[in-house]
Amino acid sequence: MSLSNISRYRGELMGFAIIIVMLFHVYSPRSGAFFGLRRMGNLGVDIFFFLSGVGLWYSWMKSQDWRRFYRNRALRIYPAWLLVAGAFYVSHFNPSAPSYALPFGGTGVAALDSGIDLVGDVLFNWDFWLHDELTFWYVPATMMLYVFAPPYMELVRRHPVYRWLVVLPLMWCIIVQYVTPVHVAVGHIEIFWSRVPIFFLGINCAELVRRECVVDRQAWWMVGIFFAVSLGACVWLEQMRHGRFPLYVERMLYIPLAITTVLIMSEVFHRLRNVKCRLSPNAVLSWVGGISLEMYLIHVEFVLKPLQRHGLGYWPTFLITLVLTLPLAWIVSRISAYIINKVKRR
């Protein structure tokens, strides 16, 4: 098992992840036999965070330039974010009725409060942080993790023992759930806290990937056991007890499930590498992975929600959403690339 395949097939893994995220977002009734497995599409987010951690370590090991790091991350996210999220929030702007009360009670002037709320949402979706408003939540969560990634990476580069700090966010998830003052203060963004461990685990594992470490074949038995146990437990929880347990419990199971899924799928893509055709699975998923950010931003609010009103059924809705999202995401990615090139030249 060559861990370097995680980096080699990163594009394909991201394409796979965004597909299962889209499967998760399509509605299916809880009474259906597919409900529990469909809910597991949520796992795609954890795969993205893990791969993001791996990719950031590669970048940091090339150059420990903080300014360059933050600039490159902003250039990767903000053009697409401002185009898509900006269009969404501006189109929903109502100066007489702000979506949420502002912190500290606001100004008392509805139009001014609405304007402030709009600016906060367009810049970094501050309603996610204030009120757990989940539209596009993955992007502001990623931005926040990018802020803390360089100091953590520099710390573990100089003192590898600090990789054990990843235990702290695992403890924090329990604290947020059960220590009442903490839960009241920040429990509303549990969806963020429970994804912090997998991101920093990605950074921790990245050096093994970068060194192209090879794991003994016998490790596949362990990978298979962890994958089967965590997947089975998660599907059962969703199918049988959905809504009746703290979500962070299942998201702790996502950690071994996400890592083993990445290992298994990277091996699958490695075996498919010699498929000789223009539309090989690797080529298609790598292309999809290259526009996965744009697909995430577009597919729910601009395609899926209008489409679901027609009641076409699960699989037709998913397939039509995918077909419509791909060209729209590609167009946004081209516009974003044009903006990025212009900014870099200046």
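Predicted model, so just to flag it, every value in this text is computed and none were measured.
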Considering only heavy atoms from C-beta outward, does the side chain of [X] approach that of [Y] to under 4.5 Å?
X      : Y      : value
Pro29  : Tyr27  : yes
Ile47  : Ile198 : no
Ile339 : Leu82  : no
Met40  : Ile20  : no
Ile19  : Leu322 : yes
Ile77  : Arg73  : no
Arg251 : Arg195 : yes
Trp315 : Leu23  : yes

Do you know which two heavy atoms are closest between [X] and [Y], and how far apart they sit?
X      : Y      : result
Phe49  : Trp137 : CE1-CH2, 4.1 Å
Glu294 : Gly290 : OE1-O, 4.1 Å
His25  : Val300 : ND1-CG2, 3.4 Å
Arg273 : Asn282 : CA-ND2, 3.6 Å
Cys234 : Glu250 : O-OE2, 3.4 Å
Tyr254 : Asn42  : OH-CB, 3.5 Å

Is the distance between the ring centroids of [Y] and [X] under 6.0 Å?
X      : Y      : answer
Tyr162 : Tyr152 : no
Phe88  : Phe136 : yes
Phe192 : Trp129 : yes

Does [X] share a hydrophobic cluster with [Y], counting links as ILVMFWY side-chain heavy atoms below 4.5 Å and allowing steps through other members?
X      : Y      : value
Met143 : Ile189 : yes
Val161 : Met153 : yes
Met222 : Leu231 : no
Val214 : Leu208 : no
Leu130 : Tyr138 : yes

Just wondering, are more than 12 heavy atoms of other shown residues or ligands nearer than 6.0 Å to [atom1] in [X]?
X      : atom1 : answer
Arg217 : CZ    : no
Phe148 : CZ    : no
Phe302 : CZ    : yes
Trp287 : CH2   : yes

Checking Asp117 against Trp126: is there a side-chain donor and acceptor pair closer than 3.5 Å?
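The answer is yes; a qualifying pair exists.
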Report the residues that fulfil salt bridge (charged side-chain N to carboxylate O under 4.0 Å, His left out) with Glu207, sequence neighbours left out, ordered by chain and then residue number.
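Glu207: salt bridge (charged side-chain N to carboxylate O under 4.0 Å, His left out) contacts with Arg210, Arg211.
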Sequence neighbours left out, what passes salt bridge (charged side-chain N to carboxylate O under 4.0 Å, His left out) with Glu154? Give chain and number order.
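Glu154 satisfies salt bridge (charged side-chain N to carboxylate O under 4.0 Å, His left out) with Arg157, Arg158 only.
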With under 30° as parallel and over 60° as perpendicular, where do the rings of Trp66 and Trp60 fit, or are they tilted in between?
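Answer is perpendicular, since the angle exceeds 60°.
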Ring-plane angle category for Trp81 and Tyr89, please: parallel below 30°, perpendicular beyond 60°, tilted otherwise.
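The arrangement is tilted - the two ring planes meet at 30° to 60°.
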So how far is it from Asp121 CG to Phe93 CZ, rounded to the nearest 0.5 Å?
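It comes to 11.0 Å.
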Do [X] side-chain atoms and [Y] backbone N/O form a donor-acceptor pair below 3.5 Å?
X      : Y      : answer
Ser114 : Asn94  : yes
His131 : Asp127 : no
Glu190 : Tyr248 : yes

side-chain contact (heavy atoms from CB on, under 4.5 Å) between Leu13 and Thr261, worked out:
CA-CA 10 Å; Leu13 290 166; Thr261 300; over 6 Å; no
Honestly, is Arg334 close enough over Tyr338, meaning NZ or CZ under 6.0 Å from the six-membered ring centre and within 45° of the axis?
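No.
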Step-by-step side-chain contact (heavy atoms from CB on, under 4.5 Å) determination, Leu285 to Phe269:
CA-CA 10 Å; Leu285 284 174; Phe269 294 133; 3.5 Å; yes
Could you check Val262 against Phe50 for side-chain contact (heavy atoms from CB on, under 4.5 Å), going step by step and ending with a plain yes or no?
CA-CA 9 Å; Val262 166; Phe50 181 79; 4.2 Å; yes
side-chain contact (heavy atoms from CB on, under 4.5 Å) between Tyr9 and Val268: does it pass, once the steps are laid out?
CA-CA 10 Å; Tyr9 302 108; Val268 170; over 6 Å; no
